[in-house]
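Positions are given from 1 along the sequence. Keep in mind that this is a model prediction, so the values were computed, not measured.
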Amino acid sequence: MIPHPGDVLVVDGRASVQFADGRRLVFRVISVSPKPTYHGWAWLSGYVLDAAGDAIERREIFVREEGLRRFQP
């Protein structure tokens with residue numbers, strides 16, 4: 001999936017090895033970097049969300065677009 005600002009995504013080991021072994025995030029995208037990178041990968045800026053949907057940390061992450069999934073509450 002190609003991410004867009006406003007998307008709320010599940011980021012886990014399918015999107016990047018750094019999120020494997022149960023280190024998944026629920027992540028609200030605020031921007032997608034236009035900088036060229038490896039095919040099928042993207043730099044995303046956004047917020048990690050807690051169980052209540054509140055932003056708890058701002059992060060920039062490098063992920064495989066194919067491994068991203070929309071969050072289903």
Side-chain angles (χ1 to χ4, degrees):
M1 97 172 270
I2 297 175
H4 299 282
D7 288 346
V8 178
L9 307 172
V10 173
V11 181
D12 59 16
R14 289 175 260 195
S16 176
V17 68
Q18 67 182 318
F19 302 109
D21 298 327
R23 293 181 291 231
R24 90 177 195 137
L25 302 175
V26 176
F27 191 80
R28 180 182 302 124
V29 178
I30 57 173
S31 67
V32 179
S33 176
K35 295 184 287 188
T37 185
Y38 297 107
H39 178 74
W41 289 77
W43 280 104
L44 306 179
S45 295
Y47 294 99
V48 177
L49 305 180
D50 66 12
D54 296 323
I56 56 171
E57 179 184 5
R58 184 172 175 160
R59 289 189 62 175
E60 187 171 296
I61 58 176
F62 188 57
V63 293
R64 281 183 42 230
E65 294 171 339
E66 183 179 297
L68 297 172
R69 295 175 290 129
R70 292 196 191 283
F71 176 69
Q72 302 293 322

Less than 3.5 Å apart, which donor and acceptor atoms pair up between the side chains of residues 47-57 and the rest of the protein, not counting sequence neighbours?
residue: D50; atom: OD1; partner: A52; partner atom: N; Å: 3.0
residue: D50; atom: OD1; partner: G53; partner atom: N; Å: 3.1
residue: D50; atom: OD1; partner: D54; partner atom: N; Å: 2.9

Checklist entry - By the rule that ILVMFWY residues connect when side-chain heavy atoms come within less than 4.5 angstrom, directly or transitively, which residues belong alongside Y38? => result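 So far as hydrophobic clustering goes, Y38 is joined with W41, W43, F62.
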Item to check | Under 4.5 Å side-chain linkage, directly or through intermediates, the cluster mates of I2 | outcome: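 Members besides I2: none; it forms no cluster.
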Between side-chain atoms of residues 21-33 and protein atoms elsewhere (two or more places apart, or another chain), which donor-acceptor pairs fall under 3.5 Å?
residue: R23; atom: NE; partner: Q18; partner atom: O; Å: 3.3
residue: R23; atom: NE; partner: A20; partner atom: O; Å: 3.1
residue: R23; atom: NH2; partner: A20; partner atom: O; Å: 3.4
residue: S33; atom: OG; partner: K35; partner atom: N; Å: 3.2

Checklist entry - So do F71 and L9 actually touch side chain to side chain, heavy atoms under 4.5 Å? => result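 No, side chains not in contact.
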Item to check | All pairs passing side-chain hydrogen bond (donor to acceptor under 3.5 Å, both in side chains) where residues 61-73 contributes a residue, at least two apart | outcome: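 side-chain hydrogen bond (donor to acceptor under 3.5 Å, both in side chains) check on residues 61-73 returns D7-R70, D12-R69, R64-E66.
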